[in-house]
Amino acid sequence: MADAPLPALLHRLAAMLGPAGVLTGADTAAYSEDWRRLYQGRTPAVLRPADTAQVAAVLRECAQAGVAVVPQGGNTSMVGGAVPSEAGDQLVLSLARMNRVREIDPIDQTMTIEAGATWKSAQVAAEEAGCLLPLSIGSEGTAQVGGILATNAGGNNTVRYGNARDLVLGLEVVLPDGQVWNGLRRLRKDNTGYCLRQLFVGAEGTLGVITAAVLKLVPRPTEQEVALCAVPSVAAALALFTRVHRHDPAAVQAFEYMSGPGMGFVLAHIPNATLPFAPAPHYALVELATPRPQAGLRAALESVLEAAMEAGEVEDAVIAESEAQRAALWRLREEHSEAQKREGASIKNDVSVPVSRVPALIEQASAACLALMPGIRPVPFGHIGDGNIHFNLEQPLGMDPAAFLAQDHAVMDAVGEVVRALDGSFSAEHGIGRLKPYMMPEWRGGAELDLMRRIKAAIDPRGLMNPGKVLP
Ligand code: MLT
Ligand code: ZN
């Protein structure tokens, strides 16, 4: 409950931020609903500060008035992590106007960038400086630096470069009381007490607002090869990963798994999507890349695939011959979420298990879901090289979408039981958001959740930062 009347606060904020800095009425609609359309929130205003000082002023005013703030990047959360509640009393804080690259240093291999820049624009800026910003996700054209860090996004290159948190050297954060912490250091070694930046990465905006970051860059690859493979089973896809990885771990840029049904949805719903060979029960997408001159990646990939074919791990394969073909093969993977959305309602389980247990995960979770709901359509896909599978489920044909979604907890629990038995996690890269706080006591209860609550209480004692997210 706010301490001061909201209209007075909004009046002060509008005077401070100017006309470009506040959206109200119909202009707030796109900020109030999540990408999956699971949540339809309401907000009296979307605040759009132009710099860190304005973010600090906004948080100070909101803290004084006791009004909650929901930080929002590109609003591409899969778990409703950036939407305001239905009550209509939380202000959305959009960082979109803070999108400048402050500095790129090709010798330090770092980029200092503001939180509201899209990840794609950060990638392009790195490329122009002859470097690579090594994290890639389907939503990178819309997702922003701040959101990617706040949610510790993973994506397609985790297998080589780690998650978002592995790319962060420094952060600038505005705390809930309006203090600014300038931790924009670009040091590779800095062993000076608690690692505060890692507290804010993955906190999903519940501890403060990331306004800028120093990100690690790597040398830009000069050779790159992408292959799509038809494989007979999940076990074969894993065997192929092991083979490719053993051959040259430093060159494996991505290794993705897709199922026959998921690919079927892409072919059915995504314009101009075509397979380069006959439909298969399972697929693997391999990307190799290296900055090494004359590395001979093409020949290496061909010989590894040949050996894999002889071993029965691969039934058919196509290596892209051009940049356009590479993009077309990747599109078959990247459009999985969109295709699933167009096919109907889906329940997502972004789970991880030890890499060796992925075949067991897919087999056992499929069986558990089918036993729970005959006709349900499992669509597992994703980052098999990290043990992170999107064990998504499409509604049974003809079922009412709302009736299907009403079963989401039962379905997620059935998958969760399998994941737990395999020593996995219920959220590998999408985070907790608003969808999964209820799972926290069961999965992270006891000392772990207690510690998280104490950290939250110490930094945001009044619970004004992104309420209802992460912690139950
Ligand atoms: C992806 O990797 O494409 C997304 O994280 C997956 C999803 O839709 O669950
Ligand atoms: Zn993913």
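Computed over heavy atoms, backbone and side chain alike; hydrogens, waters and symmetry mates excluded. Whatever order the structure lists ligands and atoms in, that order sets their numbers, starting from 1.
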Evaluate the ring planes of Trp443 and Phe426, with Trp represented by its six-membered ring, and classify them as parallel (under 30°), tilted (30 to 60°) or perpendicular (over 60°). tilted
shortest atom 8 (O) of ligand 1-to-protein heavy-atom contact is with Ser337 OG, 2.4 Å
Using the rule side chain to side chain contact (heavy atoms under 4.5 Å, CB included), only one of Leu275, Thr274, Ile270, Leu285 pairs with Leu332; which is it? Leu275
Spacing of Glu127 atom CD and Arg220 atom CZ [to the nearest 0.5 Å]: 4.5 Å
Is a side-chain donor-acceptor pair under 3.5 Å present for His383 with His390? yes
Contact check: His430 to the Zn ion (ligand 2), N/O/S below 2.8 Å: no
Quick one, Tyr31 and Val70 - any side-chain contact, counting heavy atoms below 4.5 Å? no
So do Thr118 and Asn99 actually touch side chain to side chain, heavy atoms under 4.5 Å? no
What is the closest protein heavy atom to atom 5 (O) of ligand 1, and at what distance does it sit? His430 NE2, 2.7 Å
Examine ligand 1 and decide if any of its atoms is less than 4.0 Å from a heavy atom belonging to Asn392. yes
With a 4.0 Å cut-off, would you call Asp423 and Arg357 a salt bridge? yes
Of all the N, O or S atoms in His390, which has the shortest distance to the Zn ion (ligand 2)? NE2
Which of the numbered atoms in ligand 1 are under 4.0 angstrom from any heavy atom belonging to Glu429? 2 (O), 5 (O)
Specify whether an N/O/S atom of Asp350 falls short of 2.8 Å from the Zn ion (ligand 2). no
Of the listed options Glu334, Met78, Arg333, closest to atom 1 (C) of ligand 1 (non-hydrogen atoms): Arg333
Check each atom of ligand 1 against the heavy atoms of Phe381 and keep those under 4.0 Å away; list them by number with element. 3 (O), 6 (C), 7 (C), 8 (O)
Taking just the N, O or S atoms of Glu429, which one is nearest to the Zn ion (ligand 2)? OE2
Quick check: closest heavy atoms across Pro49 and Ser94, and the distance to 0.1 Å? CD-O, 3.4 Å
Residue His383 vicinity, atoms of ligand 1 by number, heavy atom under 4.0 Å: 2 (O)
Below 3.5 Å, N or O to N or O, backbone or side chain included: is there any such pair between Lys348 and ligand 1? yes
Is Gln340 in polar range of ligand 1, meaning some N or O pair under 3.5 Å apart? no
With a cut-off of under 6.0 Å to the ring centre and 45° to the axis, is Lys341 in cation-pi contact with Trp35? yes
